[in-house]
J.: 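Pasting a structure below so you can have a look.
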Amino acid sequence: MKMYNNKLWFGLFAILGSLGGCDCRPASGSLEATQLGDFMFGGLFPVHQSFKIVNTTSNPIQHLCEKFTVSRLIQSLAMIEAVEAINNSSMLNGLTLGYKIMDTCSDVTTALQHTDIFMDKNSGRTNSLFQAVIGEYHSEVSIAVARYLTMGYMPQISYGSTAGVLSDKTRFPTFKRTVPEDDHQAKAITKILRYHNWTWIGIIATDGDYGRYAADQLEAHANDQKIYVSFRVVLPDFLNDESLDIKLNETIKKIESTSKVQVIVSFAKSHHMSCLFEKLTPNASGRFWIAGDSWATSLNVLNNRPLNEVGKILGIIPSSGKSSHFIRYLDDLDLNPDSQSNNTILQYFIRGESNKSRTTNEIRETLKKAVCPSAVFSVGLAVRFVANAIKDICSRKTCHGGFDIQRSELNDALANTMLTIDNEKYSFNKSGDLDTGYDINIWEAALENNTESVNNVTLRTVAHYMINKDSMLFLNDQQRNPLTDFTRNVISQCSPSCSPGFRKVFSEDKPICCYECVKCPENTFSNQTDARECIECPKNFWSNKSSTTCTPQTAVFLSWKDTYCITILVFACLGILLTLIVLLVFLVRRDTPVVLAAGGPISILILLSLLGTFTSAILFGGKPTSIQCQTGQVLFGLSFTLCVSCILVRYFKVLLAFQNESAVIRVMKKLFLPYWIIGICVLIQCIICGLWLWWKPPKASEGSVIRSELIFQCDEGDVLFFGLMLAFISLLALVCFGFAFLGRKLPQCYNEEKCISISMLIYIISWVVFAPIYVNIVHMTKYKSAVQMVVMLFSAYGILICHFMPKCYIILLKSENNTREAFKRGIREFTRHFHRSSRVDQHRAGLDRPESAFTIDSGIENIINRVYSNPYPTGTISSFHLSIENLPHEVSVSGDSLYEFSVSSGSSAEMNEESQQQLTLSGSQKLLQRIKNNRTELKRTTSVPNF
């Protein structure tokens, strides 16, 4: 007993500590009930239906709870009764349960403030004084509380929250409930509607998780059963909302304007329905109401108004067990307010009733009339589930109190707990729900002197809905007749049914339930009777008029099985293979004159870019995707730009090597940076492609010319950028074409005029022809992409064949031409030819000497013959040096690549002076005369050009 007392004191201090450590304060006037025990439960009950802000300057803002509800008081007493029943039994072997029940005022913020106490977050412990939370009733409040409790993995069992989202164990792993979720309620109501052939209904719901979800589910299931919704009204969830009164008036007008809608399903809260019934007009009365579980047992919503003025009411409530034990508890309940100091909820109610001069017996009767068996059963079931889970845990280990149980243990135990009550077994399903089913009740006018009635109305159960079997079960044949009589004269229809293939057409001057049946247009269908709208055929389907089904469209695209595509694929793969072979040959023979003359490393870049071009052509085959289209266009643009810019730079370099020396040529040689030029060209194309992808990129598109066919193809996106990409490549090709024309007289081993001209002409002509075909002729056909693929292959093959096949022929089959001597012979022939041409030009011009330098051969004779230029093109030599000795003045002729050529003369002493005289070859007449005069005494040394 001493240990037990110590635990009680420890629990008391823990509760006080939690309250003291909480930064936020419960709503003003918040009520609670507390009882200490070894295992503490938190309880959340919406005893008040609303609240209002009374002080906005305080911290925190103060709220005042309003609209005390006796039915929620009964639910809190049901929890207390269940805890006391367990404590009075030997179920926990001497251990006791405790509780702290708090009024949430139907407010999420207030509920979270209370939940913060249950979490005991300031204690620094991994577990809490509280083992579980029972509540809340409203779904929107339970959702917020469940999110908070999930952070601490604390179990929560609701006795009334039915929103379907709470079944998601990914978001709410610790949430469970002793009622079914609303989807089952919607199915049960749909069964009733279909059974009575009520095909035109109205829906009223509150703007909360419960109301919206239940209405959505009902509408979905109703449509499946050819039941349609005439109107759907959503009322503000909070009673203190200023727009509530306006919305209620709109609802009354909606009911009045749809006189043929005789059945209205309501998922509103009880107070909302009470306000609505107060405003009912004669034209809005007499409807058949189907009440959701939120107000199906709230008989006080009538506000002393006769039931027959409101209409007929049928309610759906979760199935329940016996509640006689709770009635006995109320009979024995001490209603002295002073003795209920630990239960301010009950104390507040008793004092309020006493102020109305009501006797104790009258107060007790009021409590008994507010008892809803299903609500009492759900609350008691929640407490028993937690108690049995604790019992299971403590049967496997020693327990002295709540701190001996981890929250994860309790959650696991709850999932596996099964209860047996009155020979019925109850357990949570995998979603944490309890599939108990529903009772179908009708509201009947009470007989005279019926003391158990409320507002002269009683409830009568006429059927059960079984969730597992999805079927309605009437209690017996005798009780089926009262239901038939109850609904006999209720008709909620307007027009005859429309056959499949037709749809309803509503007239503005007629009620919405009145319609005409018209044929469904093309590409739509209806496969059910009374279709409100023809369903648009799904993607890739089509239909004729008045169709009941849609036929799949034939997918049309450039398939890999298509002969045309196979042919293109073969040529693309062949191009890749040939390019790889050429690349291998060039890598193996990279030090030979042919490879060096072809550009050396630049030729490798050209081959790599051709691989990208061939690959990009393959990407346009098969069923296109947006990534595929973007990659294909950009890869082609960048790879072919790289290819053409490399050709341009390489040939321009050769062209500079064989041009007459002038100031412009010397400047161009100094400014000539091959890789910078290539990089700038590629960068420009990258900018174009980048803007293209950012603004309006290529994408996969689909469309139909013939309804039965669906064409898949690549759409260019912004045609402007597509044109800019091709135009920039064409500009580079034209420049290459111009360079080829200027270099038509170069040495044979360097003259690629024909190769460049032909390959660039192939590119330009191909794309010029491609443009009108691509834009006009092949619009919306599967061969649109094929045309672009062919043009890509033409362009790539033009360069591969014209530029590299002759060189491979020399390397592999004419190796005797792939030597330095062969290249020197070609240069000598060019030099002699150019020398003769130069003399003719001088004679015609009347000049004594040439104005510029010409090619220097590797012998001194070329210097004497006044041929001065470097004979070796860019990339084929690193330097050459020619020294002539035994002259009165030393002569040195040297060249570095293509940029510097000079002849220096003078004595050894003079050569070392800073004022050393340097003369260019073109201006060295005196020097040349000295060379001629001493020709027999010349001693020369030369360095062989490095290919």
Side-chain angles (χ1 to χ4, degrees), residues 31 33 45-49 67-82 103 137 159-160 269-271 273-275 277-278 289 291-308 310 313-337 340 343 345-380 439 441-461:
L31 305 177
F45 292 84
V47 180
H48 286 86
Q49 291 192 26
K67 297 181 176 63
F68 187 92
T69 308
V70 180
S71 60
R72 304 297 177 233
L73 167 63
I74 293 297
Q75 290 177 339
S76 67
L77 292 176
M79 178 176 174
I80 296 173
E81 186 271 334
D103 177 15
Y137 179 79
Y159 48 85
K269 297 178 181 178
S270 59
H271 187 78
M273 293 308 300
S274 177
C275 296
F277 287 158
E278 283 183 359
W289 298 87
D293 58 4
S294 57
W295 66 281
T297 59
S298 300
L299 303 180
N300 54 358
V301 299
L302 297 175
N303 291 321
N304 295 320
R305 191 169 187 173
L307 179 60
N308 58 357
V310 174
I313 301 177
L314 181 146
I316 311 292
I317 61 174
S319 299
S320 63
K322 297 178 181 180
S323 59
S324 56
H325 59 89
F326 184 71
I327 299 298
R328 289 193 297 271
Y329 170 78
L330 293 179
D331 289 334
D332 298 334
L333 185 63
D334 187 354
L335 296 180
N336 182 0
Q340 298 295 338
N343 188 346
I345 304 174
L346 179 59
Q347 188 181 62
Y348 176 84
F349 170 74
I350 296 172
R351 286 176 176 171
E353 293 296 304
S354 298
N355 291 336
K356 298 176 184 179
S357 300
R358 304 193 65 183
T359 64
T360 301
N361 289 334
E362 289 175 335
I363 296 174
R364 199 181 305 277
E365 287 300 317
T366 301
L367 292 175
K368 288 183 179 180
K369 288 183 179 181
V371 172
C372 174
S374 63
V376 171
F377 180 76
S378 297
V379 174
D439 291 337
N441 295 335
I442 59 175
W443 292 26
E444 293 182 328
L447 299 176
E448 293 183 5
N449 301 322
N450 188 335
T451 58
E452 296 181 357
S453 65
V454 177
N455 289 329
N456 295 320
V457 175
T458 59
L459 298 177
R460 183 178 181 184
T461 303

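From a predicted model like this one, the values you see are computed outputs, not experimental measurements. We count residues from 1, following the sequence as given.
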J.: Looking at Ser374, Pro318, Ser319, which hits side chain to side chain contact (heavy atoms under 4.5 Å, CB included) with Asp439?
T.: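 So the option named by the test is Ser319.
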J.: Check Ala82 against Gly380 and note the closest heavy-atom contact, atom names and distance.
T.: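 So the minimum-distance heavy-atom pair works out to CB-CA, 4.0 Å.
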J.: So, Glu444 side chain and Thr458 main chain: donor-acceptor pair closer than 3.5 Å or not?
T.: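 Answer holds: no.
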J.: Which value, rounded to the nearest 0.5 Å, describes the distance between Ser354 atom OG and Gln347 atom CD?
T.: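 If I round to the nearest 0.5 Å, the distance is 10.5 Å.
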J.: To the nearest 0.5 Å, how far apart are CZ in Arg364 and OG1 in Thr359?
T.: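 Interatomic distance, Arg364 CZ to Thr359 OG1, rounded to 0.5 Å: 10.0 Å.
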J.: Can you name the ring-ring contact (aromatic ring centres under 6.0 Å, His included) partners of Phe377, sequence neighbours left out?
T.: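 For Phe377 the ring-ring contact (aromatic ring centres under 6.0 Å, His included) partners, ignoring immediate neighbours, are Tyr426.
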J.: Not counting sequence neighbours, which residues clear side chain to side chain donor-acceptor pair (under 3.5 Å) with Asp334? List them please.
T.: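 Ser339.
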J.: With sequence neighbours excluded, tell me which residues meet ring-ring contact (aromatic ring centres under 6.0 Å, His included) with Tyr329.
T.: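 So Tyr329 forms a ring-ring contact (aromatic ring centres under 6.0 Å, His included) with Phe326.
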J.: Check Pro337 against Ile350 and note the closest heavy-atom contact, atom names and distance.
T.: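 Of all heavy-atom pairs spanning Pro337 and Ile350, the closest is CD-CG2, 3.7 Å.
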J.: With sequence neighbours left out, what residues match Asp331 under salt bridge (Lys or Arg N to Asp or Glu O under 4.0 Å)?
T.: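 Here the qualifying residues are Lys368.
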J.: Name all residues meeting the side chain to side chain contact (heavy atoms under 4.5 Å, CB included) criterion together with Arg358; count only those two or more places apart in sequence or in a different chain, and write none if there are none.
T.: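 Checked Arg358 against side chain to side chain contact (heavy atoms under 4.5 Å, CB included); matches are Glu353, Lys356, Glu362, Ile363, Thr366.
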J.: Would you check if Val47 and Tyr348 make a side-chain contact, meaning some heavy-atom pair closer than 4.5 Å?
T.: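 The answer is no; the side chains never approach within 4.5 Å.
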J.: Identify the two heavy atoms, one from Leu307 and one from Ala445, that lie closest to each other, and give their separation to 0.1 Å.
T.: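 Leu307 and Ala445 have their closest heavy atoms at CD2-N, 4.1 Å.
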J.: Run the salt bridge (Lys or Arg N to Asp or Glu O under 4.0 Å) test against Arg351 and tell me which residues pass, sequence neighbours left out.
T.: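 Salt bridge (Lys or Arg N to Asp or Glu O under 4.0 Å) list for Arg351, sorted by chain: Asp338.
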J.: Can you give each donor-acceptor pair under 3.5 Å made by side-chain atoms of residues 71-81, sequence neighbours left out, with the distance rounded to 0.1 Å?
T.:
residue, atom, partner, partner atom, Å
Ser76, OG, Leu73, O, 2.6
Glu81, OE2, His325, ND1, 3.3

J.: Any pair with a residue in residues 292-305 that passes salt bridge (Lys or Arg N to Asp or Glu O under 4.0 Å), sequence neighbours left out, goes on the list, sorted by first then second residue, please.
T.: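 Qualifying pairs: Arg305-Glu309.
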J.: Output the distance between atom OG1 (Thr360) and atom CD (Glu365), rounded to the nearest 0.5 Å.
T.: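 If I round to the nearest 0.5 Å, the distance is 12.0 Å.
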J.: Just how far is it from atom CD1 of Ile327 to atom CG of Asp332, taken to the nearest 0.5 Å?
T.: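 So the CD1 of Ile327 and the CG of Asp332 are separated by 11.5 Å.
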J.: In chain order, what residues pass the side chain to side chain donor-acceptor pair (under 3.5 Å) check against Ser270, with sequence neighbours excluded?
T.: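 Not a single residue meets the side chain to side chain donor-acceptor pair (under 3.5 Å) criterion with Ser270.
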J.: Check step by step if side chain to side chain contact (heavy atoms under 4.5 Å, CB included) holds for Leu333 and Leu346.
T.: CA-CA 10 Å; Leu333 185 63; Leu346 179 59; 3.9 Å; yes
J.: Can you check side chain to side chain contact (heavy atoms under 4.5 Å, CB included) on Phe349 and Leu367, steps first, answer last?
T.: CA-CA 10 Å; Phe349 170 74; Leu367 292 175; 3.5 Å; yes
J.: Within this structure, what is the NE2-CG distance for the pair His48 and Asp103, rounded to the nearest 0.5 Å?
T.: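 One finds 5.5 Å between NE2 of His48 and CG of Asp103.
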J.: Just to verify, what does Asn441 make a side chain to side chain donor-acceptor pair (under 3.5 Å) with, not counting sequence neighbours?
T.: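 Side chain to side chain donor-acceptor pair (under 3.5 Å) check on Asn441 returns Thr461.
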J.: Pair Tyr159, Tyr137 - check side chain to side chain contact (heavy atoms under 4.5 Å, CB included), show working.
T.: CA-CA 6 Å; Tyr159 48 85; Tyr137 179 79; 3.6 Å; yes
J.: Which residues pass the side chain to side chain donor-acceptor pair (under 3.5 Å) test with Ser298, sequence neighbours left out?
T.: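 Residues passing side chain to side chain donor-acceptor pair (under 3.5 Å) with Ser298: none at all.
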J.: The criterion is ring-ring contact (aromatic ring centres under 6.0 Å, His included); which residues satisfy it with Trp295, sequence neighbours excluded?
T.: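 Applying ring-ring contact (aromatic ring centres under 6.0 Å, His included) to Trp295 gives Phe277, Trp443.
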